[in-house]
Amino acid sequence: MARIARSHQPDVLVVGELATQQEAAAAVSITRSCNVLLVAAAPASSLRMLLQDSMLCHLVGCERLERGGMQRALPCPFSIAVELLGKDM
């Protein structure tokens, strides 16, 4: 992903799903180093579940602490987050 963003210099990079810690780290790195707008989905049933996922919570700029808490680690790589809810929620 990072190699594509650097060599082709797109304005927007669309990723279907960021499911692993490596994919999420690459996405964060790309937004910071290549000045690319990133549009991506994360496999979580809610924003709360995303925050509780220690591998993906840094997508919203958070870091899980060993004692169970959470802190703002870095600026969020996304300028907006959208949570889609179904009718039954």
Side-chain angles (χ1 to χ4, degrees):
M1 234 183 340
R3 185 175 34 206
I4 291 169
R6 285 187 196 100
S7 64
H8 294 287
Q9 299 177 342
D11 294 325
V12 178
L13 183 62
V14 179
V15 179
E17 186 173 282
L18 298 173
T20 67
Q21 188 172 8
Q22 292 82 10
E23 291 171 347
V28 171
S29 173
I30 288 168
T31 60
R32 292 202 175 98
S33 64
C34 300
N35 198 25
V36 173
L37 177 64
L38 181 66
V39 178
S45 58
S46 67
L47 184 56
R48 179 178 296 204
M49 294 303 292
L50 179 68
L51 289 170
Q52 292 175 352
D53 187 326
S54 61
M55 292 192 307
L56 299 176
C57 66
H58 63 280
L59 286 173
V60 289
C62 293
E63 176 181 66
R64 304 278 303 163
L65 301 174
E66 288 183 17
R67 53 186 187 269
M70 190 179 311
Q71 72 178 10
R72 182 66 103 181
L74 296 167
C76 181
F78 297 98
S79 58
I80 189 169
V82 177
E83 180 180 15
L84 302 177
L85 301 175
K87 290 181 181 179
D88 58 335
M89 299 187 122

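The residues of the chain are indexed from 1 along the displayed sequence.
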Visitor: Walk me through whether V36 and V12 qualify under side chain to side chain contact (heavy atoms under 4.5 Å, CB included).
Guide: CA-CA 6 Å; V36 173; V12 178; 5.7 Å; no

Visitor: Of the non-hydrogen atoms in L56 and T20, which two are nearest, and what is the gap between them?
Guide: CD2-O, 3.8 Å

Visitor: So, do L38 and V15 sit near enough that their side-chain heavy atoms are less than 4.5 Å apart?
Guide: yes

Visitor: Over all heavy atoms of both residues, which pair between A19 and E23 is shortest? Give the atoms and the distance, please.
Guide: N-OE1, 2.7 Å

Visitor: Please check if the side chain of E17 supplies one atom and the backbone of A41 the other of a donor-acceptor pair under 3.5 Å.
Guide: no

Visitor: Could you state the interatomic distance from CG (L13) to CD1 (I30), rounded to the nearest 0.5 Å?
Guide: 5.5 Å

Visitor: Side chain to side chain contact (heavy atoms under 4.5 Å, CB included), that's the test. Do L18 and L59 meet it? Break it down for me.
Guide: CA-CA 9 Å; L18 298 173; L59 286 173; 3.7 Å; yes

Visitor: Nearest 0.5 angstrom please: L84 CG to S45 OG, how far?
Guide: 12.0 Å

Visitor: Could you tell me whether the side chain of S33 and the main chain of S29 form a donor-acceptor pair under 3.5 Å?
Guide: yes

Visitor: Given the rule in the side chain to side chain contact (heavy atoms under 4.5 Å, CB included) test, do E83 and S46 qualify, once you have shown the distances and angles that lead to the verdict?
Guide: CA-CA 7 Å; E83 180 180 15; S46 67; 3.2 Å; yes

Visitor: Take L50 and C57, measure what side chain to side chain contact (heavy atoms under 4.5 Å, CB included) needs, and give me the verdict at the end.
Guide: CA-CA 6 Å; L50 179 68; C57 66; 5.9 Å; no

